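Taking it in order: structure first as structure tokens, then the write-up.
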Amino acid sequence: MAALLRQSAVWLIAVAIILILPVMVKSGFYITMLNQMGVLIIFALAYNMLLGQGGMLSFGHAVYFGLAGYSVAHYLNGVGEETLPYIPVSLIPLLGGLVSLGFGILIGFVSSRRAGTTFAMISLGFAEMVTALTLIVVTFFNGEEGIQTDRWIGPEPFGITFGSDVQVYFLIGVWCVLATAAMYALTRTPFGRMCNAVRDNPERVQFIGYNTHRVRWLAFALSSFFAGIAGSLHAINVEHVGFETVGLAQSGLVLFMVWIGGAGIFAGPILGAILITLLNSNLSDITEAWYLYLGLIFMIIVMFAQNGLAGLIVMHEPIWKTNLALFRSMFLPYVLGIGSSLVTAVGAIGVIELLYFMRTRQTAETVTHLYWMEVDAANVLPWAWSVAALVAGYLACRQTYPVMAASYSAAIAEVKAMVAS
Amino acid sequence: MSTPAIELRDVRKNFGNTEIIRGVDLAIEEARIHAIIGPNGAGKSTLFNLMTGLHPLTSGTIHLKGGEITNRPPYEIARSGLARSFQVTNIFARMSVFENIRCGMFWKRGHRYAFWKFANRQSELTEACEAILEQTGLTSRRHVPAGLLSYSDQRALEIAITLASGADVILLDEPTAGMSRSETTQAVDLIRSVSANKTLVIVEHDMGVVFDLADTISVLVYGEIIASGAPKDIRGDTAVREAYLGAEAD
């Protein structure tokens, strides 16, 4: 019983957080953000079935997100006009998932013959093709306007109408937990293990009896199914599906989320989806340079943290599992390292914001906000301070990072010694 | 004589204009250890690659236990009960030793593409993995990611994955390559212990290992088998001595 509790602790905590969050945040803004977060968590995990589990880099997975969204929007409209039979709105994501499963089976058969560059290019091709179709097949996609829909349809079982965003929040919450559990379970099956084997070494897989194309194809189809569930929830959530949901930007966003969170670790995409949604909702109002920052974060993670943010956390797991006291000797080097990173970031943000302001301002006004201050961008001081912080932070990083790395290595060496003895 | 485990008839293979395998006829008897030796570049690994479906044949036929497998894809040949190891270690680097071996078992034990059952719940798989871990001396390293193993442990894992399928015809491509003397001795013991009731074909450079293990030896020189027979006959064969063994066999 205790073991069972320990095993399911993470899931119980997740459910508890989902239940508590809407009580804590009353504002509509945050509920909207949480809804989006839940949708993107499912989408990111689905995408990672390809990238992290199966070793397939797709530039067009939004196709399966968006097509399910369109289908669900049409279905809801059909039920609203009483031309289609009713099923409870709570079950509609399953319908969207099946639509995407169908497309995944068809397109996956063609695209998953090879991994690597060939697969990536074919995924890009299909993404472009479907984006083009949104303008051509007007009856289904309705061009740039997209499809408007209404989730408040049919009877109201137990008084659930999905009229309010909070009700949709719980719908997304339930599906998020179900889909996450299902995708996690998949990694523990013979098929899931073989996905990893195909990722690590497709040549050898053939000599233990497996057709690599079949493994990838199945992974692709199942991943499309879950992407479809996410897309359906998106359609129900915002009651509109536009061409951007199938497009390259959406496909790129999910790639960013997964990579920043960490493709090699199951929870990585969840972390990435949460973080990017938080930043996206909050920062996009504050700064116009938001996408520049997103790109910078992505580049830094790609270059310095191969396993993403989750990887940075997991690499400390052996330490906290053996002896928490080991962190004591790491505290100061980490504070210094993180501190100098922050100084660099403050400087960089200062420079970027000032540049952006000067290049994009509409009036002759030169006074703007930088952090909490009002600064005059025509004055040399704010520039000087920002550049100084950037340079000083960078120089400090060059000193503190090796110390930080050394303290980590020392702790890991001690862990190894403890385990060996 | 019973049906050979593997039978090659006039097998030829060209890479571009170069003929690498030039009409090989070879019958490998069941439940024996058959070594293929020859100088570098004789085509030994190519022959393995043809038998296991990695490369298509230019002409000729290959039969496995009487059934034709010529130009079948590698996974179909593997399913018919032929397993192989590789000269260059070829494992699943990011997965644990245990997982590597278990992946080698899924197909033969009927789990195939199953996504509706947990791998850990299949206790017969776990037990079979334990047995192979024990046999190959990898038990203490079972949780280590395969990419972090020492070279000789990776070689042992290479053989362990090959054994995991339970195939009765096993091809080992230079199983002791790059090993120290004591590691080689261990590897030979391992190979002998797994060979009971199985057909083993090995490509090997170490003549000590070959003459120690093999029931039959075939000598491949420039894409042709120049001699085939028991170790003592091969040792005495003048053509072989000239072409390959030289003073080494004295």
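Source: prediction; values computed, not measured. A note on names: the letters A, B, ... follow the listed sequences, proteins ahead of strands, and every chain is numbered from 1.
Between chain A and the residues L82(B), I77(B), I91(B), N120(B), the most heavy-atom pairs under 4.5 angstrom are made by I91(B). Among T187(A), T212(A), V198(A), N196(A), the residue with the largest count of heavy-atom pairs under 4.5 Å with chain B is N196(A). Between chain A and the residues A119(B), A78(B), S165(B), A146(B), the largest count of heavy-atom pairs under 4.5 Å involves A119(B). When R193(A), R204(A), R188(A) are compared by the number of non-hydrogen pairs under 4.5 Å with chain B, R204(A) comes out ahead. Your options are R112(B), H111(B), M105(B), and the one with the most heavy-atom pairs under 4.5 Å with chain A is R112(B).
Below 30°, between 30° and 60°, or above 60°: for F256(A) and F298(A) the angle between ring planes is below 30°, a parallel geometry.
Separation of the F220(A) and Y64(A) ring centroids falls under the 6.0 Å cut-off. Taking the six-membered ring for Trp and the full ring otherwise, F266(A) and Y184(A) have centroids separated by under 6.0 Å.
For I161(B), the parts sitting under 4.5 Å from any heavy atom of chain A are the backbone and the side chain alike. R121(B) does not touch chain A: none of its heavy atoms, backbone or side chain, sits under 4.5 Å away. Of the atoms belonging to T162(B), heavy atoms from both backbone and side chain fall under 4.5 Å from chain A.
Ion pairing of E414(A) with K416(A) is absent here, as no side-chain N (NZ or NE/NH1/NH2) approaches a carboxylate O to less than 4.0 Å. Between D168(B) and K65(B) there is a salt bridge, with a side-chain nitrogen of the basic residue lying less than 4.0 Å from a carboxylate oxygen of the acidic one.
Side-chain contact, R84(B) with T52(B): a donor N or O sits under 3.5 Å from an acceptor N or O.
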